[in-house]
Chemist: 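What follows is a structure written as structure tokens; I'll ask about it next.
All values derive from a computational prediction rather than experimental measurement. What you see below is based on every heavy atom in this structure, not just the backbone, and it leaves out hydrogens, waters and symmetry mates.
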Amino acid sequence: MAIVDRDALRRRLGRVGVWGALALRPAAEERRAAAELERLGYGALWFGEGPASKEAFAHAAILLGATQRIVVATGIANIYGRDATAMQNAALALADAHPGRFVLGIGISHAPLVQARGHDYGQPVRAMREYLDAMERVKYAPPPPPEPPARVLAALRRRMLELARDRTDGAHPYLVTAEHTARARTVLGRGPILAPEQGVVLETEPARARATARQHLALYLSLPNYVNNFREMGFGDADFADGGSDRLVDGLVAWGDVDAIAERIRRHHAAGADHVAIQAVTPDPARALEELQLLAAALLISPGSRSTS
């Protein structure tokens, strides 16, 4: 693996980024949102890749082309969506075109989604290790980019976190608590990047906030990889029934006013996160940008500043 300056990467990422803002909107609308989020001072734009989403590298190119400084990160690019040669070459091409601004987040997705694409879903850690091996064997003909693209893994449980520690620049856990962040930091050690995602609902009325959060969690409660990790975080069968208990919802999705949400982000940082990617969870996607504007002020982010302290 090419050597990445992780301290420089931390500085570029900043303490807070955005996950998935307007990712399902038309490209022109998403370009405008990306430019505004950069102006506000967020450090990175993360987005996922699913069966019905924009393709990961085309999506990254849209965002990189619409902005000047902000880091763009796949959170994640699915290893079953392309072979290792395509993954490596695409990442190197973007790193060449936008030096220091592209982070390649890689993940193994989920068995039902992978099988629906006609693939066999392998044992996750072994499949990821073999994929990383194959990426290392790729011979890229153009000159190498000025800075190699950083690589992080979608890692939730110990063995994948260990692989992230040993073979990449860090981990991007999704849908986790601050307590999970603390355990992940223990596994990773001090060097690798730890950049969890945190869903947020800007709503102070408990019933409305939890209803929005439950709608967000519905898909994840059907996916074994997430449910197994929820169990490891201390949740049980009763928490998964009827759309999720209040305990589960409150543990996984931050809700309340801007100060309450800012406090949840600070808890991740205190637990060892280098960077937290906040996902504005709202039933109205058009509101996501407005909420992120409000949260930027609460997180003490302003143009030219990327600190929550």
Side-chain angles (χ1 to χ4, degrees), residues 1-13 17-20 23 27 30 34 43-50 53-109 114 117 119 124 127-155 160 163-174 192-195 197 274-275 277:
M1 184 182 73
I3 296 174
V4 170
D5 184 337
R6 292 175 179 170
D7 289 334
L9 177 59
R10 285 183 175 88
R11 291 191 294 271
R12 289 195 296 268
L13 286 171
V18 170
W19 201 100
E30 193 178 12
L45 297 174
W46 299 78
F47 58 85
E49 181 180 40
S53 72
K54 300 180 180 84
E55 190 277 333
F57 290 99
H59 197 170
I62 291 169
L63 296 173
L64 287 162
T67 53
Q68 300 294 320
R69 300 174 306 280
I70 198 167
V71 172
V72 172
T74 57
I76 49 79
N78 180 359
I79 67 171
Y80 292 97
R82 59 199 55 81
D83 65 22
T85 299
M87 184 84 82
Q88 177 75 342
N89 288 347
L92 290 169
L94 287 178
D96 180 23
H98 303 277
R101 296 186 55 214
F102 178 65
V103 171
L104 176 62
I106 313 172
I108 47 85
S109 188
V114 169
R117 299 179 71 134
H119 299 292
M128 180 60 77
R129 182 181 295 111
E130 291 173 352
Y131 195 92
L132 292 171
D133 290 342
M135 288 181 70
E136 292 300 325
R137 293 193 295 268
V138 172
K139 303 299 183 183
Y140 186 67
E147 300 177 49
R151 237 185 248 171
V152 299
L153 296 188
M160 194 66 81
L163 187 63
R165 175 195 66 201
D166 297 340
R167 295 291 304 276
T168 76
D169 296 299
H172 175 51
Y174 183 93
I193 299 293
L194 179 55
E197 174 270 353
D274 298 293
H275 171 92

Chemist: State, to 0.1 Å, how close A195 and W46 come at their nearest heavy-atom pair, and which atoms those are.
Modeler: CB-CZ2, 3.9 Å
Chemist: Between L45 and A34, what is the shortest heavy-atom contact and its length?
Modeler: CD1-CB, 3.7 Å
Chemist: Check whether any side-chain N or O of H172 sits under 3.5 Å from a backbone N or O of G105 as a donor-acceptor pair, and report yes or no.
Modeler: no
Chemist: Could you tell me which non-hydrogen atom of A154 sits nearest to which non-hydrogen atom of I76, and how far apart they are?
Modeler: CB-CG2, 3.5 Å
Chemist: According to side chain to side chain contact (heavy atoms under 4.5 Å, CB included), who are the partners of A90, at least two apart in sequence or on a separate chain?
Modeler: F57
Chemist: In Å and rounded to the nearest 0.5 Å, what is the CE to CG distance from M135 to D133?
Modeler: 11.0 Å
Chemist: Which atom names give the shortest non-hydrogen contact between Y131 and R82, and what distance separates them?
Modeler: OH-O, 2.9 Å
Chemist: Given I106 and L132, is the side chain to side chain contact (heavy atoms under 4.5 Å, CB included) satisfied, shown in steps?
Modeler: CA-CA 10 Å; I106 313 172; L132 292 171; 4.3 Å; yes
Chemist: List the atom of V71, the atom of G100, and the distance in Å for their closest heavy-atom pair.
Modeler: CG2-O, 4.2 Å
Chemist: When rounded to the nearest 0.5 angstrom, what is the spacing between NE2 in H59 and CG in L64?
Modeler: 10.5 Å
Chemist: Suppose we screen for side chain to side chain contact (heavy atoms under 4.5 Å, CB included). Which residues come up paired with E136, at least two apart in sequence or across chains?
Modeler: M1, R151, R167
Chemist: Atom NZ of K54 and atom CG of L63: how far apart are they, to the nearest 0.5 Å?
Modeler: 8.0 Å
Chemist: Yes or no on side chain to side chain contact (heavy atoms under 4.5 Å, CB included) for L13 and D274, after CA distance, side-chain angles and deciding distance?
Modeler: CA-CA 9 Å; L13 286 171; D274 298 293; over 6 Å; no
Chemist: Atom CZ of R10 and atom CG of D5: how far apart are they, to the nearest 0.5 Å?
Modeler: 9.5 Å
Chemist: Any side-chain heavy atom of H275 sitting closer than 4.5 Å to one from I193?
Modeler: no
Chemist: Does any non-hydrogen side-chain atom of I79 lie less than 4.5 Å from one of I108?
Modeler: yes
Chemist: Which residue pairs pass the side-chain hydrogen bond (donor to acceptor under 3.5 Å, both in side chains) test when at least one of the two sits in residues 90-107, sequence neighbours left out?
Modeler: T67-R101
Chemist: Between D169 and V152, is there a donor-acceptor pair closer than 3.5 Å when you use the side chain of the first and the backbone of the second?
Modeler: no
Chemist: Could you pull out all donor-acceptor pairs under 3.5 Å where a side-chain atom in residues 143-150 meets a protein atom, sequence neighbours excluded?
Modeler:
| unit_1 | atom_1 | unit_2 | atom_2 | d |
| --- | --- | --- | --- | --- |
| E147 | OE1 | R12 | NH1 | 3.3 |

Chemist: Looking at every non-hydrogen atom in both residues, tell me the closest pair between L94 and A60 and how far apart they are.
Modeler: CD1-CB, 3.8 Å
Chemist: Run the side chain to side chain contact (heavy atoms under 4.5 Å, CB included) test against T74 and tell me which residues pass, sequence neighbours left out.
Modeler: F47, A56, A77, F102, L104
Chemist: Quick one: list whatever passes side chain to side chain contact (heavy atoms under 4.5 Å, CB included) with S53, sequence neighbours left out.
Modeler: E49
